[in-house]
There are 2 protein chains.
Amino acid sequence: MSSLEFEPPKYARVVLELRRRIENGDYPPGSLLPSESQLVREFAVGRTTVVRALQMLQQDGWITREHGRGSFVKGRPGPAGVRASRRGLALLDRPETQPGVTVVDVGQVDAPAEVAALLGLDGGSRVLARRALTVRDEIASDLVTCWFPPELVYGTDLDQPGPLPVGLRDHLRTVKDLRVDHISERLTARLPTAGEARLLQIKKSEPVLVMVAGMHDASDVVRFVAEVVMPGSLHELEDVYSVPD
Amino acid sequence: MSSLEFEPPKYARVVLELRRRIENGDYPPGSLLPSESQLVREFAVGRTTVVRALQMLQQDGWITREHGRGSFVKGRPGPAGVRASRRGLALLDRPETQPGVTVVDVGQVDAPAEVAALLGLDGGSRVLARRALTVRDEIASDLVTCWFPPELVYGTDLDQPGPLPVGLRDHLRTVKDLRVDHISERLTARLPTAGEARLLQIKKSEPVLVMVAGMHDASDVVRFVAEVVMPGSLHELEDVYSVPD
DNA sequence: CACACGTACTCGTCCGGACAAGCGGACGGG
DNA sequence: CCCGTCCGCTTGTCCGGACGAGTACGTGTG
């Protein structure tokens, strides 16, 4: 037995290696890639595997394939599809044991109006609030609050004051079989509350960027809500996208 | 001879048919798709073909596949890729003759530090600033400023005080053969300047959302810069995206 | 009752082979 | 010289089979 090592699939090996050579300059943009049969010999795999790897590279924009001619290098794919914002998604996978993250508060509270509206609850319903502060380079960079309705908390570790060792997505999927299907984010600017100013160590007159994210299941129902409060002066939200046409 | 008909590949037939059934409601969201071997029998194709079709559907977000369990319907792929933000892109195509838009100022100014940095100019270089205010339902909703370096303005109508009848993208493409390849956006929150507060009709203590967009050509060079200033209380920026598996 | 185990079914990966179709250069007839 | 044919190369599609691993469920044992 043994061999605890995780063995990556062969097509992934081919993809990684070819991508490395393109980034490396071994296969400059415009050049012709080795033919499928050459790659079959070099990597000692079946043609199925080589074709699969090449199709993945094509899908991601690294190469173009031309019937009867060969595969040509396009170069490192542009920033298309890379979305830098999407804080909500990053949130889902971030364990609270990550360095710089501190769980500052966990407990039942009255749901704020906006949160109650998103969750479809009456104003003032009791929900579990879980709040964590992130400090980067000695500077408080954001304050994340998640609100969970009671039925979602039952059977989970969400109401435990200690940091969660796995991301929210993993935890809710394994414990409650809940899958987050899509996320709706809304962005605003406002002045911080007294508590936010204190935790983030900013003045009460310094604006904050606030992102509220609704976490939807496949039925479009919001299962829980996350809010990220960031000092507005640290321009945190960036996004790059390619222009169609 | 004859048989001029274009024969689509079999995997495409499978993809189209399964997609049709999902859209049709035959396979509602959350339901279990027929297993691969069932599909092999139904469509009378090899498993390679079925797997390929299912992988394409997964790639496009129609289904999720779970090892040992089956393939599950996610539904018509959501607004993935369509981002509600991307104000910068909307800006490029919006003619200034649109109702509610007023050109409030056009003229040479010293480039603000951030703009100069993006354009690769020395601080204090002279650039053309073009500023337009958008009013919706009697309420000032945003203030857009575009900065153009002098060599870009030459030969265009950008320095004319009247509203441009076509979008910036069209104008720059036809007149200067300039194509915007991609856009980088940066979002911050701050207090408005005196002028911004006056134009937007807000108090000087009310935070604003500010988006600065660099318009890049294919060589990644920033050709001009746009800034959108919005009252923070009108939560304007929304985004919905699906969560990858 | 709780738990380990076996079994049937699922998807993930991979193989070697096969045929079709597009491309490009060599070759030969006009 | 031009042009059509042929041939060797390429990619596109497809097959049937194989093995591994993950899941669900029933069954038997303690």
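Residue numbering restarts at 1 for every chain, and letters A, B, ... go by the order of the sequence lines. Please read these numbers as outputs of a predicted model, since none were measured by experiment.
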How long is the straight-line distance from CZ of A:R130 back to CZ of A:F148, given to the nearest 0.5 Å?
7.0 Å
Is A:T48 touching bases, backbone alone, or none of the nucleic acid, heavy atoms closer than 4.0 Å?
base
Could you write nucleotides 5-10 of chain D as a row of B, S and -, 5' to 3', where a protein heavy atom under 4.0 Å of any base atom gives B, of only sugar-phosphate atoms gives S, and otherwise -?
-----B
It should be established whether B:Y11 places a side-chain nitrogen or oxygen under 4.0 Å from OP1 or OP2 of nucleotide D:dT13.
yes
Nearest whole angstrom, please: distance from the C1' of D:dG22 to the CZ of B:F72.
12 Å
CG (A:L33) and OG1 (A:T64) are apart, to the nearest 0.5 Å, by 9.5 Å
Ignoring hydrogens and geometry beyond distance, is a side-chain donor-acceptor pair present between B:S184 and B:H216 at under 3.5 Å?
yes
Mind checking if A:R47 touches a base, just sugar-phosphate, or nothing, with heavy atoms under 4.0 Å?
base
What range of DNA chain C does chain B touch, first nucleotide to last, counting atoms under 4.0 Å from its heavy atoms?
C:dT10 to C:dT13
D:dT11 P sits how many Å from A:R65 CZ, rounded?
6 Å
Of all heavy-atom pairs between B:Q58 and B:R65, which one has the smallest distance, and what is that distance?
NE2-N, 3.4 Å
With side chain to side chain contact (heavy atoms under 4.5 Å, CB included) as the test, would you mind laying out the steps for A:L200 and A:L133 before giving the verdict?
CA-CA 8 Å; A:L200 290 170; A:L133 179 70; 4.0 Å; yes
Could you check whether A:R19 pairs with A:E23 (Lys NZ or Arg NE/NH1/NH2 to Asp/Glu carboxylate O, under 4.0 Å)?
no
Return the value, rounded to whole Å, for the distance between atom NZ of A:K10 and atom C1' of D:dG20.
13 Å
What is the distance from CD1 of A:I63 to P of D:dT11, rounded to the nearest Å?
9 Å
Does a side-chain N-to-carboxylate-O contact under 4.0 Å join A:R190 and A:E114?
no
Separation between CZ (A:R179) and CG (A:L172), nearest 0.5 Å, reads 11.5 Å
Out of curiosity, A:Q59 CD to A:Q55 CD, how far, rounded to the nearest 0.5 Å?
9.0 Å
I need the CD-C1' distance between A:Q58 and D:dG12, as an integer number of Å.
11 Å
